[in-house]
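Following: one structure in structure tokens, then a few remarks.
Each chain gets a letter, A, B and so on, in the order the sequences are listed, and its residues count up from 1. Keep in mind that this is a model prediction, so the values were computed, not measured.
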2 protein chains.
Amino acid sequence: MVNKKVVARLSSYRTALIRFHELGFVKVFSDTLAEAVGATSAQVRKDFSLFGISGNKKGGYQTDVLIEKLQSLLGKDRVQPVLIVGIGNIGTALLKYRGFEDEGIRIVAGFDLDPTKVNRKLKVPILPADEMPDFIREQRVTIGIIAVPDAAAQAVCDTLVAAGIRGILNFAPIVLRAEEGVVVNNVNLQNELENVIYFVNTLAKQIKGK
Amino acid sequence: MVNKKVVARLSSYRTALIRFHELGFVKVFSDTLAEAVGATSAQVRKDFSLFGISGNKKGGYQTDVLIEKLQSLLGKDRVQPVLIVGIGNIGTALLKYRGFEDEGIRIVAGFDLDPTKVNRKLKVPILPADEMPDFIREQRVTIGIIAVPDAAAQAVCDTLVAAGIRGILNFAPIVLRAEEGVVVNNVNLQNELENVIYFVNTLAKQIKGK
DNA sequence: TAGATTGTTAATCGATTAACAATC
DNA sequence: TAGATTGTTAATCGATTAACAATC
């Protein structure tokens with residue numbers, strides 16, 4: 001069954017493979033790939049078989065063919081327009097991040113309630129929040145990033161979905177409710193950091209306890 | 001067994017509980033909490049029992065007591081010093097993010113190779129990369145955030161660990177190798193977005209296919 | 001008390017890994 | 001051919017959920 005975790009691994013395989021390809025590898029074994037992404041070779045083969053990707057018995061996988069297949073699975077064969085709501089710290093960082101463009105992800109606009117942030121002349125324009133629904137409909141954008149304060153996040157989510165957004169990457173630390181058929185992925189940086197802190201402290205205690 | 005996922009849920013419970021507390025809730029049921037974080041009530045109770053947190057049969061959990069316990073588990077009872085390596089887009093966003101301070105996370109310094117980014121006069125100073133090891137040792141920092149380009153990430157990781165860092169939040173899209181006892185959490189924003197794109201595209205195809 | 005909720009055990013579900021036949 | 005690697009099935013492992021006795 002295809003779930004979030006499997007697709008995340010596909011992304012990792014892809015990143016690693018591109019690196020291998022740049023290093024001149026023409027073929028790659030499940031073993032090598034597994035090592036690069038921190039998985040097992042069985043898992044690599046299992047994942048591939050799930051998507052009908054096959055290699056050569058004894059010969060491994062042909063790097064370029066494999067990359068091609070992953071590209072297509074991950075929608076890299078065409079440009080994916082994405083918009084960002086909330087031009088604060090995170091929103092700005094993502095807006096400026098040059099790496100997306102190479103990866104077929106195009107940030108098409110930013111939106112913010114604060115009129116002083118609006119700037120239509122930028123290559124990626126920052127527009128007033130109330131222009132969002134029309135923009136989404138006209139440009140047929142289906143993916144959005146929410147980087148607003150948590151109190152505003154659900155309302156933004158509702159507006160996005162009503163206008164036609166089908167997938168959301170959410171940085172606000174709340175569980176967004178959206179209708180069936182809308183994909184929501186959450187990134188909670190504070191929790192991630194807390195997680196690290198927890199394990200560092202627990203390990204430190206364990207060592208002391210010995 | 002305590003794993004990353006359980007601790008991530010503790011963080012979510014905590015966030016939700018603080019919200020409940022602000023709304024004046026004196027007690028909360030496993031049911032209510034589950035709903036707020038998108039889990040099941042059985043899971044909430046299971047998680048709590050794992051950490052020896054108990055409530056009152058019939059009476060649920062006392063909000064303030066519960067928050068207190070989670071705070072202590074998650075290391076919120078003291079300030080956690082954290083440093084950031086790589087003052088690019090993400091690094092800058094995290095450096096500026098005001099929310100950490102309220103959460104007991106103090107960004108104590110940023111580090112970058114680029115001398116034009118160095119600025120010792122800021123409240124959170126940005127220092128040259130080569131001062132990192134001494135800084136870590138002198139200030140006894142144990143948590144670091146890596147926000148450098150992927151080609152530099154492993155070297156930065158090695159330097160951090162050698163100087164005494166025990167936990168890393170890594171934004172570079174590679175698997176970092178670190179000795180046993182060092183905690184590494186990865187945040188791969190590109191993969192997260194790719195994930196959303198994948199499912200949006202697959203769902204769209206499914207609907208068309210019908 | 002009767003009803004509701006916890007805490008925990010057992011059952012289920014899902015994901016990962018081991019193993020090995022097929023085969024290049 | 002002999003050796004190595006894939007592709008897949010079965011076994012294992014771990015996490016989630018269901019269920020229910022205890023009890024407030």
So, taking the atom named [atom1] in [X] and the one named [atom2] in [Y], what distance separates them when rounded to the nearest 0.5 Å?
X       : Y        : atom1 : atom2 : answer
A/Thr15 : B/Glu194 : OG1   : CD    : 6.5 Å
B/Thr40 : B/Leu33  : OG1   : CG    : 11.0 Å
A/Phe25 : A/Thr32  : CZ    : OG1   : 7.0 Å

Legend entry - Donor + acceptor pair across side chains of B/Arg14, B/Gln71 (<3.5 Å):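 B/Gln71 and B/Arg14 do have a side-chain donor-acceptor pair below 3.5 Å.
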
Legend entry - Residue pair B/Asp158 / B/Gln154, side-chain donor-acceptor N/O under 3.5 Å: yes

Inset, instruction - Take atom CD of A/Glu68 as the centre, draw a 6.0 Å sphere, and report whether it contains more than 12 heavy atoms from other residues, nucleotides or ligands. - result: no

Report yes if the side chains of [X] and [Y] come closer than 4.5 Å at any heavy-atom pair, otherwise no.
X        : Y        : answer
B/Val156 : B/Phe111 : no
B/Tyr97  : A/Gln190 : yes
B/Val7   : B/Val2   : yes

Inset, instruction - Hunt down any stem DNA chain C takes part in, defined as 3 or more consecutive Watson-Crick or G-U pairs whose two distances are each under 3.5 Å. - result: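 Stems for DNA chain C, defined as runs of 3 or more consecutive pairs: C:3-24 with D:3-24.
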
Legend entry - A/Lys117 side-chain N/O to A/Ile87 backbone N/O, donor-acceptor pair under 3.5 Å: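 Yes; judged by distance alone, with no hydrogens or angles, the pair exists.
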
Inset, instruction - For the pair A/Asp47 (side chain) and A/Leu50 (backbone), establish whether a donor and an acceptor sit closer than 3.5 Å, ignoring hydrogens and angles. - result: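 Not a single qualifying donor-acceptor pair exists.
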
Inset, instruction - Quick one: list whatever passes side chain to side chain contact (heavy atoms under 4.5 Å, CB included) with A/Asn201, sequence neighbours left out. - result: A/Ile197, B/Arg78, B/Gln80

Legend entry - Residues in contact with DNA chain D, drawn from residues 28-46 of chain B - heavy-atom cutoff 4.0 Å: B/Thr40, B/Ala42, B/Gln43, B/Arg45, B/Lys46

Legend entry - Residues in contact with DNA chain D, drawn from residues 50-58 of chain A - heavy-atom cutoff 4.0 Å: A/Ser54, A/Gly55, A/Asn56, A/Lys57, A/Lys58

Legend entry - Stepwise side chain to side chain contact (heavy atoms under 4.5 Å, CB included) check, A/Leu160 with A/Leu83: CA-CA 10 Å; A/Leu160 291 178; A/Leu83 59 80; 4.1 Å; yes

Inset, instruction - Decide side chain to side chain contact (heavy atoms under 4.5 Å, CB included) for B/Lys27 and B/Asn56; before the verdict, give the C-alpha distance in whole Å, the side-chain angles of both, and the deciding distance to 0.1 Å. - result: CA-CA 10 Å; B/Lys27 61 183 189 181; B/Asn56 313 89; over 6 Å; no

Inset, instruction - Could you tell me from which nucleotide to which nucleotide of DNA chain C, 5' to 3', there is an atom under 4.0 Å from chain A heavy atoms? - result: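 Listed 5' to 3', the contact boundaries are C/dA15 to C/dC24.
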
Inset, instruction - For B/Phe48, answer base if it contacts any base atom (sugar-phosphate contacts may also be present), sugar-phosphate if it contacts only those atoms, and nothing otherwise; contact means non-hydrogen atoms under 4.0 Å. - result: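 No contact at all - B/Phe48 keeps every heavy atom at 4.0 Å or more from the nucleic acid.
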
Inset, instruction - Under 4.0 Å from any atom of DNA chain C, heavy atoms only: list the residues of residues 3-19 of chain A that qualify, in numerical order. - result: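 Heavy-atom cutoff 4.0 Å gives A/Asn3, A/Lys5, A/Arg9.
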
Legend entry - Nearest non-hydrogen partners of A/Ala178 and A/Val184, listed with the distance: CB-CG2, 4.3 Å

